[in-house]
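Heads up: the structure comes next, in structure tokens.
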Amino acid sequence: MFEQPELEVAMNAARNAASVLLKYFRQQNQIQFKSEYNLVSEADLQSEKVIVETIRSAFPGHEILGEESATAALDAEYLWTVDPLDGTNNFCHGIEHFAISIAWAEQGETKLGVVYRPLSDEWFVAGKGRGAFHNGVACQTRNFQRLNEALIAVGFYYDREGQMRATLRAIESLFGHNIHGIRRMGTASLDLCMTGTGRLGGYFEFELAPWDYAAGKLFVEEAGGVVTDCTGHLMSSGNSSILASCPDLHAALLQNIKPHFETLVHGA
Ligand code: IPD
Ligand code: CA
Ligand code: CA
């Protein structure tokens, strides 16, 4: 792989967070609701606490943007973006598919991304200009040429109205091209990493927060994939739509997804 002080700290933070999460997994977990469908558990909060402690003790001058409590400006000189438990819904229902996602950026550019899936002890690590590594082995997106060769993943943000309906129409449109299937696995960071490792042809979601995508986006890009918003443009630095894929599928995915995403933008 590669060596970098921030990588060591990110991996230590993820390991510490994983031991917290595994203590809570499948136990009576104190679930609270951020909104009607948006869960947060004691595990999310404790996991973020140990990640923040680990980063702060190594880099006291760096800013941390965490999903649960840590706040920072997105344009901070050195910024850590942290999702202490990506896949909370899976976690709270006893499903093993969840991860910890940690990214580090310097002057607005993501330089490092670490996603860790504790239940399979899988590490997804990317360094800007240094490649993407799955358990230490360099990886690349798979060279799918057509939609009818690939599995595609999707996510639903916390919306049960227009965004959800537009997402369902986009899925229907993709099925019209005989994709192998749609997966809604519930952990955005892992959807991105699975696109990077070539298990998936692509992944899209109509809204996502920086802690969901910061590390995984770099992973896809370093694995040779393409990541844009759902109109084909660069993602904005805050909440954004996302379309990530292997290079040759991006145009076809965009053609099927963009018109439905634009019904939201134009209110159709
Ligand atoms: C969620 C997951 C999910 C995605 C949602 C995210 P959380 O993150 O990544 O797959 O569809 O948009 O908010 O709440 O489990 O950290
Ligand atoms: Ca998340
Ligand atoms: Ca989370």
Side-chain angles (χ1 to χ4, degrees), residues 13-14 17-18 20-21 24-25 29-52 64-71 80-103 113-119 124 151-164 166-168 170-171 182-196 199-200 202-217 219-220 227 229-230 235 238-244 257 261 264:
V20 169
L21 293 180
Y24 285 96
F25 188 53
N29 202 359
Q30 291 212 323
I31 300 174
Q32 297 150 33
F33 292 84
K34 291 190 204 174
S35 66
E36 199 178 347
Y37 324 102
N38 191 350
L39 314 183
V40 61
S41 70
E42 193 56 28
D44 298 67
L45 304 173
Q46 294 305 323
S47 173
E48 181 156 319
K49 189 163 172 271
V50 295
I51 295 172
V52 169
I64 305 174
L65 175 69
E67 177 175 9
E68 306 306 340
S69 59
T71 53
W80 293 82
T81 303
V82 172
D83 192 335
L85 169 50
D86 190 27
T88 294
N89 225 328
N90 285 344
F91 185 93
C92 291
H93 290 275
I95 296 170
E96 296 90 346
H97 195 67
F98 57 87
I100 296 142
S101 174
I102 301 177
V114 172
V115 176
Y116 181 50
R117 187 182 189 277
L119 268 294
F124 301 89
L151 264 183
I152 306 298
V154 67
F156 295 86
Y157 204 64
Y158 297 99
D159 172 275
R160 303 286 160 97
E161 309 261 328
Q163 227 181 62
M164 178 203 67
T167 305
L168 292 173
I171 293 171
I182 277 284
R183 293 291 178 269
R184 195 295 186 247
M185 290 182 280
T187 305
S189 58
L190 290 173
D191 292 327
L192 288 164
C193 291
M194 288 195 195
T195 302
R199 298 176 194 171
L200 292 168
Y203 153 73
F204 73 100
E205 185 156 350
F206 285 170
E207 187 178 346
L208 214 52
W211 42 80
D212 297 310
Y213 65 73
K217 175 175 183 281
F219 190 86
V220 176
V227 186
D229 69 13
C230 288
M235 290 171 68
N239 278 26
S240 172
S241 63
I242 186 164
L243 169 56
I257 290 165
F261 178 70
L264 294 172

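First listed ligand is number 1; within each ligand, the first listed atom is number 1. Scope of the values below: all heavy atoms of this structure, side chains included, with no hydrogens, waters or symmetry mates.
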Taking only non-hydrogen atoms of Thr88 and a 4.0 Å limit, the atoms of ligand 1 in range are 15 (O)
Residues forming a side-chain contact (heavy atoms from CB on, under 4.5 Å) with Asp86, sequence neighbours excluded:
Asp83, Thr187, Ala188, Ser189, Asp212
Mark the output for Phe98 as yes if a heavy-atom distance to ligand 1 is under 4.0 Å, and as no if none is.
no
Could you tell me whether the side chain of Val114 reaches within less than 4.5 Å of the side chain of Ser101, counting heavy atoms only?
no
Can you name the atoms of ligand 1, numbered from 1 with element, that are less than 4.0 Å from a heavy atom of Leu85?
16 (O)
Can you list everything that forms a side-chain contact (heavy atoms from CB on, under 4.5 Å) with Ala166? Sequence neighbours excluded, please.
Arg169, Phe206, Thr263, Leu264
At less than 3.0 Å, how many protein N/O/S atoms surround the Ca ion (ligand 2)? Leave waters out.
3
Show me which atoms of ligand 1 lie under 4.0 Å from any heavy atom of Glu205.
4 (C), 5 (C), 11 (O), 12 (O)
Atom of Ile95, atom of Phe98 and distance for their closest heavy-atom approach
O-CD2, 3.6 Å
Any sub-3.5 Å donor-acceptor pair from Glu207's side-chain atoms to Asn239's backbone N or O?
no
Looking at ligand 1, would Met185 count as a contact under a 4.0 Å heavy-atom criterion?
no
Candidate with minimal heavy-atom separation from atom 9 (O) of ligand 1, of Leu190, Asp86, Leu192
Asp86
Counting only heavy atoms, which portion of Arg184 has something under 4.0 Å from ligand 1: side chain, backbone, both, or neither?
side chain
For Arg199, enumerate each residue passing the salt bridge (charged side-chain N to carboxylate O under 4.0 Å, His left out) test, keeping only those at least two apart in sequence or located in another chain.
Glu122
Would you name the heavy atoms of Ile102 and Ala13 that are closest together and state the gap between them?
CD1-CB, 3.8 Å
Taking 4.0 Å as the limit for heavy-atom contacts, which would you say applies to Leu208 with ligand 1: side chain only, backbone only, both, or neither?
side chain
Close-contact set for ligand 1 against Gly87 heavy atoms, below 4.0 Å
7 (P), 15 (O), 16 (O)
Under 4.0 Å from any heavy atom of Thr187, which atoms of ligand 1 are there?
9 (O), 10 (O)
Minimum heavy-atom distance between Ser41 and Leu85, given as atom pair plus value
OG-CD2, 4.4 Å
Is the closest side-chain heavy-atom distance between Trp211 and Thr81 below 4.5 Å?
yes
Would Ala188 count as being in polar contact with ligand 1, using the rule that some N or O on each side must be under 3.5 angstrom apart?
yes
Which of these, Tyr158, Tyr157, Phe91, has its nearest heavy atom closest to atom 1 (C) of ligand 1?
Tyr158
